[in-house]
Amino acid sequence: MNSFVGLAAAPEMAQFNQDTWWIWVIKAVFIVVFLIFSVIFALWFERRLLARMQNRLGPNTVGPLGLLQSFPDALKLLMKEDFFLKGADKVVYFIAPAISALCAFTIMAVIPMGPSVNLFGHITPLQLTDSPVALLFVLAVAALGEYGLVLGGWSARSTLPLYGSVRSATQMISYELAQGLSLVTLFVVNGSMSASGIVSAQTSIWNIFILLPAFLVYLVTMFGEANRLPFDLPEAENEIVAGPHTEYSSMKFGWYYLSEYINMLNLSMLATTLFLGGWRAGPIIGTLFNLVGADANAGWWGMLWFLGKTWTFMGVFVWVRGTLIRFRYDQFMKLGWKGLIPAALIWLAIVMVVFGVNTVYAINVQAVMIILSIGFALIMLIWAFGDDTYHPSQAEIIAEREKVGFTGFEDGYPVPPLPGQHLPPSPRAGRRAANSMQQPALMANSKAATAQEVSND
């Protein structure tokens with residue numbers, strides 16, 4: 001027993017000693033094809049699920065249940081007119097979408113989709129490659145992928161894409177800090193930064209039970225990393241049209257679109273790997289398989305459990321999009337810097353204290369971690385959703401507004417007249433009223449002058 005890890009024996013990495021060059025090619029091609037077809041399915045999945053939530057039909061004409069609707073949509077992108085902006089930085093403008101797409105495709109290379117299987121007579125893990133620092137590689141590639149959005153908006157030499165790229169950069173900095181801190185506790189507890197090693201460390205208990213606060217932080221940062229509602233501020237269509245890719249068309253825009261959905265899949269697969277036992281079946285499924293004399297974690301069954309967990313997280317992405325509205329930018333930054341980052345740091349300190357105590361006095365680390373995990377998660381939820389401030393009634397708010405009058409601002413933000421407020425009288429309207437009052441007198445004087453002229457004649 002590793003006294004520092006405390007929860008399990010030192011996790012083992014996957015073995016690739018029987019892999020050959022053609023197995024690597026098969027795995028690499030599978031990853032590319034799997035991600036592309038997963039995006040095509042995700043488009044249909046999202047539109048159908050949102051339609052169900054909003055009492056609509058969704059795609060239902062092209063193919064059975066509308067399953068083939070994504071193919072003409074992709075064909076439309078391929079056939080649309082492509083163009084280059086006259087004032088853009090041509091080289092950067094062209095390669096920026098490729099950077100985002102390439103980084104999105106790369107991340108899945110280190111994610112284990114299942115245990116070792118027999119592939120054409122070779123025992124090989126359902127994973128392209130692994131490394132003792134695979135999770136650091138994932139974080140680095142994810143950060144590099146943001147350069148695609150930043151450079152795309154900057155190279156267009158246009159105002160709104162530049163705004164989107166700056167927002168994307170600040171969002172990456174804010175939320176990757178919190179995400180990285182949440183993963184540090186996971187590395188400490190599992191004693192590994194290898195993807196397959198972390199899955200191996202969850203043989204007895206999943207990380208979500210002993211690292212629930214880290215999971216909650218990661219869950220929120222998933223939406224910030226993927227630029228999805230309620231954190232889709234880099235491409236807020238009511239403010240900056242489409243953000244960094246406003247000036248892109250055809251497949252240059254298509255690469256951005258593809259990378260967004262692949263990043264959703266990557267984040268879902270990482271959440272599955274890091275917190276939900278990866279490809280391992282849960283205890284209930286494992287028990288059912290044991291009753292019939294089978295192993296739920298053997299062979300190709302692992303891929304089925306892995307995909308089921310991954311698409312559960314994809315469903316959460318869609319559910320949140322259909323439920324929440326977009327955050328204001330100041331709310332978004334406050335949540336990241338004053339909420340998630342301090343919470344991740346405090347949880348990291350708690351975990352280090354537990355393992356520090358364990359090196360001096362032998363304690364049941366697993367039980368202590370579960371209790372502290374639930375307790376700190378409740379504190380986080382109370383901080384996020386609890387509100388003990390006094391909220392005045394609507395009548396009190398209206399009375400206060402009538403007393404102050406219309407200023408054009410509410411809580412520091414420009415607003416139209418709210419209930420209890422009225423626009424001040426317009427100077428132009430006052431002049432018009434004065435003119436309308438003077439008009440009869442002018443007409444009477446004009447008639448009198450005309451009559452006097454007639455009498456003089």
Side-chain angles (χ1 to χ4, degrees), residues 8 10-42 103-139 141-142 186 190 192-204 206-208 261-283 285-286 288-290 294-314:
E12 297 180 359
M13 286 179 53
Q15 300 298 317
F16 300 89
N17 51 1
Q18 292 194 34
D19 283 10
T20 61
W21 67 269
W22 53 268
I23 288 182
W24 298 333
V25 172
I26 290 174
K27 289 181 179 180
V29 171
F30 171 80
I31 287 175
V32 174
V33 174
F34 170 79
L35 288 175
I36 291 175
F37 277 92
S38 293
V39 169
I40 291 173
F41 178 76
C103 291
F105 276 103
T106 303
I107 289 175
M108 192 181 169
V110 298
I111 296 177
M113 297 186 69
S116 296
V117 297
N118 191 326
L119 188 63
F120 304 110
H122 293 261
I123 303 300
T124 180
L126 292 177
Q127 182 181 6
L128 178 57
T129 186
D130 203 357
S131 164
V133 290
L135 270 301
L136 293 184
F137 168 80
V138 168
L139 293 174
V141 173
L186 186 141
N190 295 141
S192 174
M193 289 187 286
S194 158
S196 58
I198 288 174
V199 173
S200 176
Q202 298 178 77
T203 304
S204 60
W206 290 353
N207 283 330
I208 189 173
Y261 278 86
I262 292 177
N263 283 330
M264 289 169 58
L265 286 162
N266 287 335
L267 289 164
S268 299
M269 289 187 284
L270 279 172
T272 298
T273 301
L274 300 177
F275 295 101
L276 294 187
W279 48 263
R280 294 185 177 277
I285 296 175
L288 293 176
F289 269 68
N290 290 335
D295 186 358
N297 294 319
W300 295 89
W301 285 111
M303 182 176 283
L304 178 62
W305 316 135
F306 180 84
L307 292 177
K309 297 172 188 177
T310 297
W311 282 98
T312 299
F313 280 106
M314 290 293 289

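This one's a predicted model, so the numbers in the text were calculated from it and none came from an experiment.
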Partners of Phe289 by ring-ring contact (aromatic ring centres under 6.0 Å, His included), sequence neighbours excluded? Trp301, Trp305
Kindly write out the residues that satisfy ring-ring contact (aromatic ring centres under 6.0 Å, His included) with Tyr261, not counting sequence neighbours, or none if the list is empty. Tyr257
Any side-chain heavy atom of Asn207 sitting closer than 4.5 Å to one from Leu274? no
Results of side-chain contact (heavy atoms from CB on, under 4.5 Å) for Asn290 - residues two or more places apart only: none
Suppose the criterion is salt bridge (Lys or Arg N to Asp or Glu O under 4.0 Å): which pairs have a residue in residues 269-282, not counting sequence neighbours? none
With Thr20, which residues qualify under side-chain contact (heavy atoms from CB on, under 4.5 Å), at least two apart? Trp22, Ile23, His122
Determine whether Ile26 and Phe120 satisfy the following criterion, side-chain contact (heavy atoms from CB on, under 4.5 Å), listing intermediate values before the conclusion. CA-CA 11 Å; Ile26 290 174; Phe120 304 110; 3.9 Å; yes
Which atom names give the shortest non-hydrogen contact between Ser194 and Ala134, and what distance separates them? CA-CB, 4.3 Å
Does any part of the side chain of Phe34, heavy atoms only, come nearer than 4.5 Å to the side chain of Leu265, both counted from C-beta? no
Trp206: which residues meet the ring-ring contact (aromatic ring centres under 6.0 Å, His included) condition with it, sequence neighbours left out? none
Rounded distance [0.5 Å steps], CZ in Phe313 versus CZ in Phe275: 8.5 Å
In chain order, what residues pass the side-chain hydrogen bond (donor to acceptor under 3.5 Å, both in side chains) check against Thr106, with sequence neighbours excluded? none
Distance col, row Ile262:CD1 vs Met269:CE, nearest 0.5 angstrom, shows 9.0 Å
So, does Asn266 use its side chain to make a donor-acceptor pair with the main chain of Ile107 at under 3.5 Å? no
So, for Gly302 and Pro115, which heavy atoms are closest and what is the spacing to 0.1 Å? CA-CD, 4.0 Å
Hey, which of Leu270, Ile31, Asp130 is the one that makes side chain to side chain contact (heavy atoms under 4.5 Å, CB included) with Ile111? Leu270
When rounded to the nearest 0.5 Å, the distance separating CE of Met108 from CG of Leu128 is 9.5 Å
Is there side-chain contact between Val39 and Leu35, with heavy atoms separated by less than 4.5 Å? no
Do other residues, nucleotides or ligands put more than 12 heavy atoms under 6.0 Å from the CZ atom of Phe37? no
Among residues at least two apart in sequence or on other chains, which ones pass side-chain contact (heavy atoms from CB on, under 4.5 Å) with Pro112? Gln127, Ala195, Val199, Thr273, Trp279
Quick one: pull up CZ in Phe30 and CG in Leu119 and give me the separation to the nearest 0.5 Å. 10.5 Å
Would you compute the distance between atom CG of Leu135 and atom OG of Ser192 and round it to the nearest 0.5 angstrom? 8.0 Å
Could I get the full list of side-chain hydrogen bond (donor to acceptor under 3.5 Å, both in side chains) partners for Ser268, not counting sequence neighbours? none
Taking salt bridge (charged side-chain N to carboxylate O under 4.0 Å, His left out) as the test, write out the residues that go with Asp19, two or more places apart. Lys27
Any side-chain heavy atom of Thr129 within less than 4.5 Å of one from Val110? yes
Once you round to the nearest 0.5 Å, how far does CG of Leu304 lie from CD1 of Ile285? 8.0 Å
Under the side-chain contact (heavy atoms from CB on, under 4.5 Å) test, which residues partner Thr312, sequence neighbours left out? none
